[in-house]
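Report on the structure given below.
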Amino acid sequence: MFTKLFRKHKLQIYAPITGEILSLDQVPDPVFSQKMMGEGVAIMPKGGSVHSPIDGTVILLSGTKHAIALRSNDGTEILIHIGLETVSLKGQGFTVFVNEGERVSIGQLLIEVDWDYIREHASNVITPIVITNSDEREVQYEVVKECIIGETLLMTASSK
C-alpha cells in the first residue's frame with residue numbers, strides 16, 4: 001500500500017543536441033574524462049542548436065556563452081559544456097536565448113551554435129552533458145549511439 005509513496009522519482013534527461021553519443025572517457029579533456037565534474041555523457045554534434053534536456057531553471061550561464069547549467073525540479077544539476085577550449089572564443093559562435101533564473105522546458109531552445117565557427121576556432125566540438133551533483137544521485141544510462149534533440153532519452157537520475 002505504501003510502496004508508491006516511497007518509490008524514487010527518476011528524472012529523465014533528454015538529448016540537448018542531435019549527434020553521436022559517446023562516453024565521457026572519450027572526451028579529450030581530463031576534467032570530463034576523469035569525471036571530475038560528475039557523471040554524464042558526451043555528444044559529437046551533427047548540427048543544430050542546444051535545447052533544454054529537462055524541465056527546470058537556468059542556474060548558470062557562462063559569460064562566454066559556451067556553457068549553461070540547469071537545475072531540475074528535484075534538484076539535479078546538469079551542465080552542458082559546448083565544445084572544448086571554447087571559453088577562449090569569448091562568446092563568438094554562440095547566441096543565447098535564455099537568462100539565469102529563467103524556467104525552461106524540455107526541448108526549449110537555449111543556445112544557437114555556429115558549429116562551423118566552433119570547429120575552426122576551438123579544439124573540439126564534443127559536448128559533455130554532466131550531472132554536476134551526481135555524487136548525490138544514482139545515474140542510469142540508456143544504451144543508444146545516436147540521439148535527436150528532445151526525443152532521445154540519454155540517462156535517468158534519482159536521489160540516493
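- Residue pairs that meet the salt bridge (Lys or Arg N to Asp or Glu O under 4.0 Å) test with at least one member in residues 13-31, sequence neighbours left out, do not exist here.
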* To do: Start with the C-alpha distance between L84 and I126, add both sets of side-chain angles, then the distance that settles side chain to side chain contact (heavy atoms under 4.5 Å, CB included), and finish with yes or no.
  => CA-CA 7 Å; L84 301 180; I126 195 167; 3.7 Å; yes

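- The side-chain contact (heavy atoms from CB on, under 4.5 Å) check on Q26 picks up L22, S23, with sequence neighbours excluded.
- Partners of T95 according to the side-chain contact (heavy atoms from CB on, under 4.5 Å) rule, which considers only residues two or more places apart in sequence or in another chain, are F97, E112.
- Within the structure, side chain to side chain donor-acceptor pair (under 3.5 Å) pairs that include any residue of residues 82-92 do not occur (at least two apart or interchain).
- For residues 17-49, every residue pair satisfying the ring pair (Phe, Tyr, Trp, His ring centres under 6.0 Å) rule, not counting sequence neighbours, is listed here: F32-H81.
- The minimum heavy-atom distance linking I129 with P16 is given by the pair CG1-CG, 3.7 Å.
- Judged as a side-chain contact (heavy atoms from CB on, under 4.5 Å), and not counting sequence neighbours, the contacts of T18 are I148, I149.
- No continuous path of hydrophobic side-chain contacts links V104 to L109 [ILVMFWY only; heavy atoms under 4.5 Å].
- D114 meets the side-chain contact (heavy atoms from CB on, under 4.5 Å) test with D116, Y117; sequence neighbours excluded.
- In this structure, V139 and S134 approach most closely via the heavy-atom pair CG2-CB, 4.2 Å.
- The shortest non-hydrogen separation linking W115 to I82 is CH2-CG2, 3.6 Å.
- Here the closest non-hydrogen pair linking S33 and V27 is CB-O, 3.2 Å.
- Inter-residue side-chain proximity for S158 and L11 is flagged as unmet; no heavy-atom pair is nearer than 4.5 Å.
- Between L154 and E142, the closest side-chain pair of non-hydrogen atoms is not below 4.5 Å.
- Listed by first then second residue, pairs satisfying salt bridge (Lys or Arg N to Asp or Glu O under 4.0 Å) with a partner in residues 65-80 read R71-E77, not counting sequence neighbours.
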If you look only at distance, which donor and acceptor atoms sit under 3.5 Å apart when one is on a side chain in residues 37-63 and the other is two or more places apart or in another chain?
residue, atom, partner, partner atom, Å
E39, OE1, K35, NZ, 3.1
E39, OE1, Y141, OH, 2.7
K46, NZ, E146, OE1, 2.8
H51, ND1, G107, O, 2.8
S52, OG, I54, N, 3.4
S52, OG, I54, O, 2.5
D55, OD1, I106, N, 2.8
T57, OG1, R103, NH1, 3.0
S62, OG, T64, N, 3.1
S62, OG, T64, OG1, 2.8
S62, OG, H66, ND1, 3.1

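- Checking R137 against T76 by side-chain atom types alone, a donor-acceptor pair falls below 3.5 Å.
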